[in-house]
Amino acid sequence: MLLVTLVDVSGAVAATRSRSRKTELLAELFLAAGPEDAPLAIAYLSGRVPQGRIGVGWSTLREAPAPAAAPSLSLHDVDAALDGLAAVAGKGAQAERKRRAAALLGAATEAEQRFLVGLLTGEVRQGALDAMAAEGLAAASGVPAEEVRRAVMLRGALVPVARALLAGGRAALGAFRLTVGRPVRPMLAGTAASVAEALTALGSCAVEEKLDGIRVQVHRDGERVSVWTRTLEDITERLPEVVEVARALPVSRCVLDGEVIAYDGAGRPRSFQEIAGRTGSRTDVAKARALVPVVPVFFDVLLVDERELLDAPFARRHRELAGLVAEENRVRRYVVEESGAGADALAGAEAFLAETLGRGHEGVVVKDLGSPYSAGRRGAAWRKVKPVHTLDLVVLAAEWGHGRRTGKLSNLHLGARGAEGELVMLGKTFKGLTDAMLAEQTERLLELSLSDDGRTVRVRPGLVVEVAFDGVQRSSRYPAGLTLRFARVVRYRPDKTPEEADTVEAVREAGAGAA
DNA sequence: TTCCGACAGTGGGGTCGCAAT
DNA sequence: ATTGCGACCCCACTATCGGAA
């Protein structure tokens, strides 16, 4: 199949907002590709490259060569070029990657170049990625979408499922079962504004500690142990402590879900930054381990010996977990039975949240005790509750938006008042803004404009915004040495002047309170 | 008819490893 | 030794479609 065929379909998918139409277009293309080309077509149209890390990003692709006049590239040509790129390493790698990328782009037409650049920078913006591609695959093969989705969740990837389905038909999906040694997509949590809201939504539930670390899925088969992240990266080699804990469990096979954290000398949880640094270290694991030893803390189990538990209710899965894993390697929890739901249960759950925060953790996750493990879904069955802080900050500048925000000032630079009354930048945010707010802030900020370099508009201090955030973290980027974690705009404060905005000192205190 | 679950889009800061400077 | 880049970790929120209620 020619790349141009796929690029045309991507354009058509982007041009319609109807999801059912997108699904039809994808299905037609997958059928046309045939078993030979469909895996590549599906990978590219779901915004992925099979090679994974290829070391090519925006910077490498900045200056594209003149486009080809006529399309000639096939999907296999692209695949071969990406194989070549992925294999480049060592001295001169940057230049060699640039050369190879330019050769590929030079063989592509203008439209093909745009698609390839988007694909390689993770910005295939056609309003249909992984989940829509799975829908398209289901439509193309005449198999219920639910079965395709489940197979993808259990295999952890779409392309192998597509290959099997197109070659072997619906019956081939039976092979995709929970398999020890092969990770499934983890179940994710939705949010709730308060414990009360979560309890009302869920009935019989467990309120569990939410730990601020790295999500891990651990598989053990005999002496063989593997550890994966949320996106199913294999990090077994980096976390020997986790392997040791798994090997010591009194079973021969199991699949566990949990979080890796670290404690300081006083037994308080260390910051996310420290844990992430440790988990990311792979060159000298022994040294990293000595500095920041980690501990796995599990909250779910998907398989024990021959018992597959994905579809078992959470209450049953937790009984299995408690029988398998020592208390110090399990999250603390507070159980609310439906029969006991009421003021007492709410008070108990809220007290548990307060204790959890007091121990230095992030918040709680409230989980429906009757729910199965919905691999890969941001299930309504799990709801996280975290405290939110807010401050009033001054807009110092704003960046022009991209995509659907083109022509609107979007990303706000936020400042607090310093000791001398000067404004100190603390970070940026583009979150929480409705279309109406985007339109209004664009107009107001342009009135306050001091300069515009085409990317960033600097403004006179005038606009004050109420910003919500989860906490304060150390920063090497901003002058005060700190920045807000997950900042988002709640509302404008037209009633406040920049002189009435919060101070850096107040931000620091909010951070201390949050920790 | 209205409501709500699921998706995609729009990006944020920190950290590590690698190659270039 | 420092810097730039890519890739990954954590993530919040809004708009929209289309099926459920």
Side-chain angles (χ1 to χ4, degrees), chain A residues 13-14 16-23 46-47 52-62 88-97 120-135 149 188-191 212-216 229-233 235 238 259-260 271-284 288 362 374 376-380 384 386 388 399 401-406 408 410-414 426-438 467-478 482-490:
Chain A
V13 168
T16 176
R17 292 207 301 210
S18 161
R19 286 187 194 157
S20 35
R21 180 67 189 138
K22 286 176 195 281
T23 303
S46 63
R53 288 174 179 246
I54 56 172
V56 171
W58 266 115
S59 178
T60 316
L61 300 167
R62 205 150 33 199
V88 174
K91 221 180 171 69
Q94 208 104 314
E96 177 61 12
R97 286 201 196 99
L120 295 180
T121 56
E123 295 181 27
V124 173
R125 287 175 187 178
Q126 58 192 13
L129 293 174
D130 229 21
M132 296 301 298
E135 290 280 331
R149 263 200 304 271
L188 306 173
T191 53
D212 192 12
I214 303 293
R215 181 84 175 262
V216 286
T229 65
R230 183 161 105 73
T231 52
L232 310 188
E233 284 282 303
I235 53 169
R238 298 182 225 166
E259 191 92 358
V260 156
S271 73
F272 170 76
Q273 284 167 306
E274 290 176 283
I275 300 161
R278 161 64 207 279
T279 308
S281 301
R282 49 195 135 183
T283 45
D284 191 345
E362 198 182 4
S374 312
R377 314 304 285 271
R378 194 168 287 285
K384 57 187 159 187
K386 296 189 285 186
V388 173
E399 295 171 20
H402 297 89
R404 68 186 300 285
R405 292 188 174 189
T406 300
K408 297 285 190 300
S410 172
N411 199 6
L412 303 177
H413 295 200
L414 304 168
L426 286 173
K428 308 180 190 181
T429 185
F430 53 88
K431 298 179 187 129
L433 298 162
T434 63
D435 288 359
M437 289 163 86
L438 283 165
V467 172
F469 59 99
D470 282 19
V472 173
Q473 56 186 2
R474 200 175 59 241
S475 173
S476 56
R477 181 175 312 216
Y478 294 110
L482 47 85
T483 186
L484 305 180
R485 191 165 182 210
F486 309 136
R488 59 271 188 190
V489 174
V490 178

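None of the values given here were measured: they were computed from a predicted structure. We use all heavy atoms of the structure for the numbers below, so side chains are in, but hydrogens, waters and symmetry mates are not. Residue numbers begin at 1 in each chain, while the letters A, B, ... track the order of the sequences.
Residue A:Thr229 places at least one side-chain N or O under 4.0 Å from the OP1 or OP2 atom of C:dC9. Contact check, A:Lys386 against C:dC11: no side-chain N or O comes under 4.0 Å of OP1 or OP2. Under 4.0 angstrom from either OP1 or OP2 of C:dC13 there lies at least one side-chain N or O belonging to A:Arg488. Applying the 4.0 Å criterion to OP1 and OP2 of C:dG6, one finds that A:Arg53 has every side-chain N and O outside that range.
Taking 4.0 Å as the cut-off between side-chain N and carboxylate O, A:Glu362 and A:Lys386 count as a salt-bridged pair. Of the charged side-chain nitrogens involved, at least one lies within less than 4.0 Å of a carboxylate oxygen, so that A:Lys428 and A:Glu399 count as a salt-bridged pair. A salt bridge is absent between A:Asp130 and A:Arg149; no separation between the charged side-chain nitrogens and carboxylate oxygens falls under 4.0 Å.
Rounded to an integer number of Å, the gap from A:Leu188 CG to C:dC9 P is 13 Å. Rounded to whole Å, atom C1' of B:dG9 lies 12 Å from atom CD of A:Gln126. Going from atom CD of A:Glu123 over to atom C1' of B:dA8 covers 13 Å, rounded to whole Å. For the pair A:Leu482 CG and B:dG13 C1', the computed distance is 13 Å after rounding to whole Å. Atom CD in A:Glu362 sits roughly 11 Å away from atom P in C:dC10 (whole-Å rounding). Rounded to whole Å, the distance from CZ on A:Arg17 to C1' on C:dT14 is 14 Å. A straight line from CG of A:Leu484 to P of C:dC13 spans 14 Å, rounded to a whole angstrom. Rounding to whole angstrom units, CD of residue A:Glu233 and C1' of C:dC10 are separated by 15 Å.
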Atom pairs under 3.5 Å, N or O on each side, protein against nucleotides 10-12 of chain B: can you list them with distances?
residue: B:dT10; atom: OP1; partner: A:Arg404; partner atom: N; Å: 2.5
residue: B:dT10; atom: OP2; partner: A:Arg125; partner atom: NE; Å: 3.0
residue: B:dT10; atom: OP2; partner: A:Arg125; partner atom: NH1; Å: 2.9
residue: B:dG11; atom: OP2; partner: A:His402; partner atom: N; Å: 2.5
residue: B:dG11; atom: OP2; partner: A:His402; partner atom: O; Å: 3.3
residue: B:dG11; atom: OP2; partner: A:His402; partner atom: ND1; Å: 3.2
residue: B:dG11; atom: O3'; partner: A:Asn411; partner atom: ND2; Å: 3.3
residue: B:dG11; atom: N2; partner: A:Lys431; partner atom: NZ; Å: 3.4
residue: B:dG12; atom: OP1; partner: A:Asn411; partner atom: ND2; Å: 2.3

For nucleotides 17-21 of chain B, which of its nitrogen or oxygen atoms have a protein nitrogen or oxygen under 3.5 Å away, and what is each distance?
residue: B:dG17; atom: OP1; partner: A:Arg282; partner atom: N; Å: 2.8
residue: B:dG17; atom: OP1; partner: A:Thr283; partner atom: N; Å: 2.9
residue: B:dG17; atom: OP1; partner: A:Thr283; partner atom: OG1; Å: 2.8
residue: B:dA19; atom: OP1; partner: A:Gly90; partner atom: N; Å: 2.7
residue: B:dA20; atom: OP1; partner: A:Gly92; partner atom: N; Å: 3.0
residue: B:dA20; atom: OP1; partner: A:Ala93; partner atom: N; Å: 3.1
residue: B:dA20; atom: OP1; partner: A:Gln94; partner atom: N; Å: 3.4
residue: B:dA20; atom: OP2; partner: A:Gly92; partner atom: N; Å: 3.1

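Between the side chain of A:Lys408 and the backbone N or O of A:Leu438, no donor-acceptor pair lies under 3.5 Å. Judged by distance alone, the side chain of A:Glu259 and the main-chain N or O of A:Gly213 form a donor-acceptor pair under 3.5 Å. Side-chain atoms of A:Thr279 never come within 3.5 Å of backbone atoms of A:Ala276 as a donor-acceptor pair (strictly under, hydrogens ignored). Under a 3.5 Å cut-off, the side chain of A:Thr191 and the backbone N or O of A:Lys384 do not form any donor-acceptor pair. Proximity of a side-chain donor or acceptor of A:Ser475 to a complementary backbone N or O of A:Thr483 within less than 3.5 Å is not detected.
Taking only side-chain atoms of A:Gln273, from C-beta outward, the nucleotide of B:dT15, B:dG13, C:dA7 with the closest atom is B:dT15. Of the listed nucleotides (B:dA8, C:dC10, B:dG14), B:dG14 has the atom at the smallest distance from the side chain of A:Thr483. Closest to the side chain of A:Leu129, out of C:dC9, B:dG5, B:dA8, is B:dA8. Ranking C:dC9, C:dT14, C:dC5 by closeness to the A:Arg62 side chain, first place goes to C:dC5. With distances taken from any side-chain atom of A:Thr60 to the nucleotides C:dC5, C:dC10, B:dA6, the minimum falls on C:dC5. Proximity note for A:Arg149 (side chain, C-beta onward) versus B:dC7, B:dG13, C:dA12: the nearest is B:dC7. In the set C:dG18, C:dC17, C:dG6, C:dG6 carries the atom at the smallest distance from any side-chain atom of A:Ser59. Side-chain proximity of A:Thr434 to the nucleotides C:dC8, C:dT14, B:dC7 is greatest for C:dT14.
Closest non-hydrogen pair, A:Gln126 versus A:Val13, comes out as O-CG1, 3.3 Å.
Comparing A:Ala276 and A:Ala133 against DNA chain B, the residue whose closest nucleotide sits nearer the 5' end is A:Ala133. The residue among A:Asp212 and A:Gly57 whose nearest nucleotide of DNA chain C is located toward the 5' end is A:Gly57. Between A:Val56 and A:Ala468, the one whose closest nucleotide on DNA chain C sits nearer the 5' end is A:Val56.
Within the cation-pi definition used here (under 6.0 Å to the ring centroid, within 45° of the axis), A:Arg488 does not qualify as a partner of A:Phe430.
In this structure, A:Gly52 reaches neither bases nor backbone, as no heavy-atom distance under 4.0 Å exists between it and the strands shown. Note on A:Thr279: nothing from the nucleic acid sits closer than 4.0 angstrom, heavy atoms only. Nucleic acid contact for A:Ala131: sugar-phosphate only, since backbone atoms but no base atoms lie under 4.0 Å from a heavy atom of the residue. Residue contacts shown for A:Leu433 are limited to sugar-phosphate atoms, with no base heavy atom under 4.0 Å away. A:Lys22 comes within contact range of no nucleotide atom at all, as no heavy-atom separation falls under 4.0 Å.
For the pair A:Val260/A:Arg215, no side-chain contact is recorded, criterion being any heavy-atom separation below 4.5 Å from C-beta on.
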Original post:
Taking it one step at a time, do A:Asp435 and A:Arg405 satisfy salt bridge (charged side-chain N to carboxylate O under 4.0 Å, His left out)?
Top reply: CA-CA 9 Å; A:Asp435 288 359; A:Arg405 292 188 174 189; over 6 Å; no

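When Watson-Crick and G-U wobble pairs are counted only if both distances are under 3.5 Å, B:dC4 pairs with C:dG18.
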